[in-house]
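What you are looking at is a predicted structure, and each value in this text was computed from that prediction instead of being measured. Here is how names work: the chains are called A, B, and so on, in the same order as the sequence lines, proteins then strands, and each is numbered from 1.
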There are 2 protein chains.
Amino acid sequence: MPATASRPLRRDAQRNRERIVEAAREVFATRGFAATLDDVAHHAGVGVGTVYRRFPTKEALVEALFTERIAAMVALAEECLADPSAWDGLTRFMTAACRVHAEDRGLRDAMLSLGMKKRFPEAGDRMETVIVELVARAKAEGTLRPDFDATDVPIIFTMVSDIGGAGPQAYERYLRLVIDGLRVCSRNAPLGDPLTRDEVIVMLSGCVPAVRPRSATAP
Amino acid sequence: MPATASRPLRRDAQRNRERIVEAAREVFATRGFAATLDDVAHHAGVGVGTVYRRFPTKEALVEALFTERIAAMVALAEECLADPSAWDGLTRFMTAACRVHAEDRGLRDAMLSLGMKKRFPEAGDRMETVIVELVARAKAEGTLRPDFDATDVPIIFTMVSDIGGAGPQAYERYLRLVIDGLRVCSRNAPLGDPLTRDEVIVMLSGCVPAVRPRSATAP
DNA sequence: ACGGAAGTTGAGTAGTTCCCTCCGTTTAGA
DNA sequence: TCTAAACGGAGGGAACTACTCAACTTCCGT
């Protein structure tokens, strides 16, 4: 891997780059992947060309914006795995994830879209295994209903974060409702079979916007 | 109301009209309001022009397709209101509504989109009051948690029916999960304040596709 | 059997959105 | 001062979609 240590940016270019990243954070946070690079440029007070000079595609900008934040989410999940109470660990993770998704729709789209696996394969795998463990541990503890499945977690994230439009706190109410349905309770009706991973993928691809590719050339 | 009793359609035109309606039902059921009238025409084996001759706009077709079915949903809600068990009445209604939404995405879009109020104002009002009663009755019965609100019902419909992409049965699992969270239970965490009607409207407009107008002329 | 009204067709129009490029102009900094 | 780097933003081009229209076809009353 040849270190692409190109010469440092000119001072104005560096400043603009920072402006672009900051503007992108804001614009993506509110509009998600639906945000346009024209939006970002305008918000940053620079021309579109400048954005494309720094980030050759929208994809590149997305990667630059979210790599770090997704790693932080994985770290959080791992930290929750260490919670002495499995139930608290799982629900803390779910609550924190939903809050983050509500506050930053871009991060939501990055984590839940199909592109996740392509863009951040390592983080994605790690996240998946940690979620499996969080769920297994809470079932073993006897607090999480046994018919719940790890594949339900991203679906719940998607469902709940769709509420985002109604204000940043709105998700909380419905997440709580769902979490109250997660506890073992003698009156619970059985859930039946969980979704397969493929079904989850289909579902996410239908609900979470993708970065629209310039031209669709399927391999 | 001047009976627009124009002369009866020619036989071939009548047959085509029926084909169009049937094709539209199928296409809208799977693609929702995202379906194109070109899709419908193709599916019906006629030209687009024929569709537009019968239904001057997409709106008109939507109205023709869903007026009756929405009235049926209102009737169902009223029937559930007569259930001796308020809990069963409410959950039966919610389950039936979600099943219908899963089976016919067009009906879902018609019932949950903002256009509902403009297109079917009477049915919309009636539905709203019946839901309020269903919820009040179940709270009075002591089975529904008291911090639940009637405005939560359409939100739950939206959340759950978003799962539709993963197959027609997928919604069931998550609806059950949510319903299990609706029962009074000493371990339930308080939900806090419900969404205002305006917040509900914002949320729905963000999640449910509208019939795209020919040109955007905001009043 | 025929004339004309009703019906059909589908390429085309017009509006919109959005990713990205290009080139004439500006500016940092040696 | 001079040059390479950076900038701006109009516009290319592709995709999508609601809808139109002029040339053609079919029904049906007489």
Side-chain angles (χ1 to χ4, degrees), chain A residues 4 6-21 23-24 27-28 31-65 106 109 115 209-218, chain B residues 4-21 23-24 27-28 31-65 106 109 113 115 209-218:
Chain A
T4 327
S6 48
R7 76 179 56 193
L9 293 175
R10 232 166 65 176
R11 192 142 55 229
D12 55 343
Q14 181 58 34
R15 194 189 55 222
N16 278 339
R17 205 198 118 100
E18 281 156 20
R19 277 188 191 167
I20 289 165
V21 168
V27 172
F28 276 89
R31 298 230 295 132
F33 280 6
T36 299
L37 288 211
D38 291 53
D39 286 344
V40 172
H42 199 238
H43 209 76
V46 303
V48 219
T50 304
V51 175
Y52 279 96
R53 165 166 280 264
R54 260 348 122 207
F55 303 95
T57 63
K58 196 176 180 181
E59 264 297 327
L61 180 56
V62 165
E63 272 188 46
L65 283 179
D109 290 350
V211 170
R212 211 214 279 176
R214 174 60 180 253
S215 63
T217 32
Chain B
T4 326
S6 48
R7 74 179 58 195
L9 293 175
R10 234 166 64 176
R11 194 143 54 229
D12 56 342
Q14 181 59 35
R15 196 189 53 224
N16 278 341
R17 205 198 118 100
E18 280 156 19
R19 277 189 193 166
I20 289 167
V21 168
V27 172
F28 275 88
R31 299 231 294 132
F33 281 6
T36 298
L37 288 211
D38 291 52
D39 286 344
V40 172
H42 199 242
H43 208 75
V46 304
V48 221
T50 306
V51 175
Y52 279 97
R53 166 164 277 264
R54 265 344 125 207
F55 303 96
T57 63
K58 196 176 180 180
E59 265 296 326
L61 180 57
V62 165
E63 272 189 47
L65 283 178
D109 289 351
S113 71
V211 171
R212 211 214 279 176
R214 174 62 179 256
S215 63
T217 32

Round to the nearest Å and state the distance from Lys58(A) atom NZ to dT17(C) atom C1'. 11 Å
Whole angstrom is fine here: how far is it from CD1 in Ile20(B) over to P in dG7(C)? 12 Å
So does Arg212(B) get a backbone contact from the side chain of Lys58(B), meaning a donor-acceptor N/O pair under 3.5 Å? no
From CZ of Arg15(A) across to P of dA5(D) the rounded distance in Å is 19 Å
If you take any heavy atom closer than 4.0 Å to DNA chain C, which residues from residues 48-57 of chain B end up in contact? Val48(B), Gly49(B), Thr50(B), Arg53(B), Arg54(B)
Should Leu37(B) and Phe55(B) count as side-chain neighbours, where that means a heavy-atom distance under 4.5 Å? no
Do Phe28(A) and Val62(A) come within less than 4.5 Å of each other through their side chains, counting heavy atoms only? yes
For Arg10(B), check salt bridge (Lys or Arg N to Asp or Glu O under 4.0 Å) against everything at least two apart and list the hits. Asp12(B)
Beyond-backbone contact of Asn16(A) with Arg54(A), side-chain heavy atoms, under 4.5 angstrom: no
Report the distance from atom CZ of Arg19(A) to atom P of dA6(D), rounded to the nearest whole Å. 16 Å
Go through the N and O atoms of the side chain of Arg10(A) and the base of dA5(D), and report whether any donor-acceptor pair is under 3.5 Å. yes
Closest listed nucleotide, where the reference is the side chain of Ala13(A) and the choices are dT17(D), dG7(C), dC7(D): dC7(D)
If you find the nucleotide of DNA chain D closest to Arg31(B) and the one closest to Arg11(B), which residue's nucleotide is nearer the 5' end? Arg31(B)
Separation of dA28(C) atom C1' from Arg17(A) atom CZ, nearest Å, is 19 Å
Take atom NE2 of His43(B) as the centre, draw a 6.0 Å sphere, and report whether it contains more than 12 heavy atoms from other residues, nucleotides or ligands. yes
Relative to the 5' end of DNA chain D, which residue comes earlier, Gln14(A) or Phe33(B), by the nucleotide with the nearest heavy atom? Gln14(A)
So does Arg212(B) reach the base of dA18(D) with its side chain, donor to acceptor, closer than 3.5 Å? no
Thr36(A) side chain near Arg31(A) side chain, heavy-atom distance below 4.5 Å: yes
Within this structure, what is the CD-to-C1' distance between Glu59(A) and dC19(C), rounded to whole angstrom? 12 Å
What is the distance from CG of Leu37(B) to C1' of dG12(C), rounded to the nearest Å? 17 Å
Rounded to the nearest angstrom, tell me the gap between atom CG in Asp38(A) and atom P in dC20(C). 11 Å
Using a cut-off of strictly less than 4.0 Å, decide whether Asn16(A) has a side-chain nitrogen or oxygen near OP1 or OP2 of dA6(D). no
